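In what follows, a structure is listed as structure tokens, so that the remarks can point back to it.
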There are 2 protein chains.
Amino acid sequence: MAPLCRNAGTIMDRTNRNRTTITKGTHLFRPGQDCPGYVVVHEGAIRVSLTAESGREIVLYRVRPGDVCLQTFSALVHGTPYTAEGLAETDLVIEIVPPQAFQELVASNHAFRMRLFGAVADRFSDLERLVEDVALTGIPARLARALLRLADADDAVNVRHEALAIEIGSAREVISRQLAAFSRSGLISGTRGVIHLVSRPGLHSVAGEF
Amino acid sequence: MAPLCRNAGTIMDRTNRNRTTITKGTHLFRPGQDCPGYVVVHEGAIRVSLTAESGREIVLYRVRPGDVCLQTFSALVHGTPYTAEGLAETDLVIEIVPPQAFQELVASNHAFRMRLFGAVADRFSDLERLVEDVALTGIPARLARALLRLADADDAVNVRHEALAIEIGSAREVISRQLAAFSRSGLISGTRGVIHLVSRPGLHSVAGEF
DNA sequence: CGATGTCTGTGACATGATCACATCCGGCAA
DNA sequence: TTGCCGGATGTGATCATGTCACAGACATCG
């Protein structure tokens with residue numbers, strides 16, 4: 001079956017109004033706030049997450065150049081406030097397209113629409129995988145997947161345990177113990193600071209991916 | 001903020017080709033299968049769920065008249081196979097719009113596109129709530145929410161424990177125990193066969209909704 | 001070097017998932 | 001009716017994970 005939309009690449013490269021720079025660590029939005037417009041990320045990454053009253057948190061997805069911030073899309077389409085939290089994970093260059101301009105773009109620009117459809121479908125696939133992970137998959141597999149996802153070209157992962165816990169919707173202590181277990185098994189080396197992936201195949205196996 | 005799309009109601013009432021009747025209990029699709037076209041539900045409900053290798057299962061969402069089957073949308077947009085399972089929860093009247101016809105509709109019909117955007121955004125909100133439920137919410141609240149969602153106008157819920165477990169991504173035994181607890185607390189009466197909601201306010205309170 | 005604050009390790013316990021098996025209940029046949 | 005059968009439900013034991021409390025390790029700064 002041929003894909004309906006092949007190019008879900010960078011959206012709106014041509015527009016160049018209202019660019020804003022945001023400092024790493026800033027909250028772009030929080031639950032309950034109104035959405036000022038469609039958010040386009042030109043540089044950097046936004047981390048979108050949910051937080052429970054207990055303080056437990058889970059990352060829904062990241063918005064990088066070319067991605068759709070589904071929160072923004074959904075808030076605009078429905079005219080409802082944000083339901084999740086958006087954090088600048090790095091320094092950002094973003095652009096905020098006011099609702100009316102967004103609506104006009106959707107109405108007038110077919111290429112934009114198709115990219116939007118493609119990007120929304122991507123995001124949906126991510127969320128579906130997330131549900132599968134959280135509801136049906138155990139901690140070892142989820143952590144192994146997160147390590148493989150977050151590792152750089154040198155097989156190094158440099159994140160605090162707390163951040164790893166938020167990544168997979170678990171708790172810091174659980175991560176600490178599971179990293180120790182992976183280390184004992186020889187899958188990784190080092191459980192704190194920079195973690196090195198010793199055996200990617202081993203981790204893939206634990207992750208249940210072949 | 002004004003909603004961009006007010007009417008996410010029934011999509012494609014006007015098309016009336018290729019209507020098909022499906023018997024309750026039939027699988028419309030399974031993971032790995034190719035998507036033959038965009039699925040429109042005219043009558044009945046499709047239950048879309050994920051199943052783990054262990055046999056554990058969780059309901060992602062239901063497709064009723066006017067809803068978008070995101071699985072179908074995503075499969076068509078990406079040209080990829082289904083990733084979840086679709087079951088006829090009731091007898092169905094559906095219509096399958098071939099990929100090319102779907103693409104032409106998206107390209108030519110603005111009202112259709114806007115409804116599609118609206119319905120996709122709805123579905124996304126559902127999935128986000130699901131992630132929140134599964135990742136951050138305890139069994140009592142999830143079960144209470146499911147009971148409130150599934151109860152009919154007479155406050156009666158007639159589902160097997162196994163089905164309730166799939167509804168919230170838990171296990172039959174856990175449902176059995178939690179229903180017994182609700183019954184002891186006087187929130188419901190009867191834990192098997194038809195369950196009656198005695199105190200909706202009480203259940204809402206357990207559900208964490210006010 | 002020591003004080004301080006943040007991150008990490010670990011034991012104890014609570015909650016939920018899994019397994020094994022007992023019990024209940026509704027048909028159905030003799 | 002009685003007894004059997006199979007699916008659905010109840011329950012204890014055990015394992016995996018989440019939560020809480022606190023101790024130990026490390027970095028930073030004076």
Side-chain angles (χ1 to χ4, degrees), chain A residues 25 50-59 131-147 150 157-185 188-196 206-208, chain B residues 25 50-58 130-147 150 157-185 188-196 206-208:
Chain A
L50 292 173
T51 304
E53 292 167 22
S54 69
R56 277 272 293 296
E57 192 177 352
I58 184 167
V59 174
V131 171
E132 182 167 8
D133 252 38
V134 172
L136 307 174
T137 309
I139 290 293
R142 274 154 67 194
L143 181 55
R145 288 176 195 177
L147 290 173
L150 297 172
V157 180
N158 185 10
V159 276
R160 291 171 300 104
H161 293 187
E162 175 68 28
L164 277 172
I166 293 173
E167 196 69 31
I168 68 169
S170 179
R172 183 189 61 76
E173 300 90 323
V174 176
I175 301 298
S176 177
R177 287 188 242 258
Q178 192 60 52
L179 285 176
F182 282 170
S183 191
R184 279 194 301 276
S185 314
I188 63 176
S189 73
T191 61
R192 69 195 314 161
V194 177
I195 296 164
H196 281 277
V206 171
Chain B
L50 291 173
T51 305
E53 293 167 22
S54 68
R56 276 272 293 297
E57 194 178 350
I58 184 166
L130 182 59
V131 171
E132 183 167 6
D133 252 37
V134 172
L136 307 175
T137 310
I139 290 293
R142 273 152 67 191
L143 181 54
R145 289 176 196 178
L147 290 173
L150 296 172
V157 181
N158 185 9
V159 277
R160 291 172 301 106
H161 293 187
E162 175 68 27
L164 277 173
I166 293 173
E167 197 68 30
I168 68 169
S170 179
R172 183 189 61 75
E173 299 91 324
V174 177
I175 301 299
S176 177
R177 287 188 242 257
Q178 191 61 51
L179 284 177
F182 282 168
S183 192
R184 278 194 303 275
S185 314
I188 62 175
S189 73
T191 61
R192 66 195 316 158
V194 176
I195 298 164
H196 282 277
V206 170

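So that the names make sense, note that chain A is the first sequence line, chain B the second, and so on, each numbered from 1. The model shown is predicted, which means the values in this text are computed figures rather than measured ones.
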Between atom [atom1] in [X] and atom [atom2] in [N], what is the gap in whole Å?
X: A:L143; N: D:dG18; atom1: CG; atom2: P; answer: 11 Å
X: B:I139; N: D:dG18; atom1: CD1; atom2: P; answer: 13 Å
X: A:R142; N: D:dT17; atom1: CZ; atom2: P; answer: 8 Å
X: B:R184; N: D:dG10; atom1: CZ; atom2: C1'; answer: 12 Å
X: A:E173; N: D:dG24; atom1: CD; atom2: P; answer: 17 Å
X: B:E162; N: D:dG10; atom1: CD; atom2: P; answer: 13 Å
X: A:H161; N: D:dG18; atom1: NE2; atom2: P; answer: 16 Å
X: B:Q178; N: D:dT11; atom1: CD; atom2: C1'; answer: 15 Å

Check every strand shown and say whether [X] touches a base, only sugar-phosphate, or nothing at a heavy-atom separation below 4.0 Å.
X: B:R56; answer: sugar-phosphate
X: B:T191; answer: sugar-phosphate
X: A:S170; answer: sugar-phosphate

For B:S170 and B:I139, which heavy atoms make the closest approach, and how far apart are they?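 That would be OG-CD1, 3.6 Å.
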Do [X] and [Y] have side chains that approach each other closer than 4.5 Å (heavy atoms only, starting at C-beta)?
X: A:R145; Y: A:T137; answer: yes
X: B:I58; Y: B:L130; answer: yes
X: A:I195; Y: A:V159; answer: no
X: A:L143; Y: A:V206; answer: no

Does OP1 or OP2 of D:dT9 have a side-chain N or O of B:S176 closer than 4.0 Å?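 No, outside the criterion.
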For B:V159 and B:R177, take the nucleotide of DNA chain D holding the closest heavy atom to each; which residue's nucleotide lies nearer the 5' end?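 Final value for this comparison: B:V159.
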Just by distance, do the side chain of B:R56 and the backbone of B:G169 share a donor-acceptor pair under 3.5 Å?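 Checked: pair present.
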Return yes if some donor-acceptor pair links the side-chain N/O of A:S183 with the main-chain N/O of A:L179 below 3.5 Å, else return no.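 Flag not set: sc A:S183 to bb A:L179 has no pair under 3.5 Å.
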With a strict under 4.0 Å distance from non-hydrogen atoms of chain A, what nucleotide opens and what nucleotide closes the contacted stretch of DNA chain C, reading 5' to 3'?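 Counting from the 5' end, contacts occupy C:dC7 to C:dA12.
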Any donor-acceptor N/O pair under 3.5 Å between D:dG18 base and A:R172 side chain: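 In this structure, the two groups form no donor-acceptor pair.
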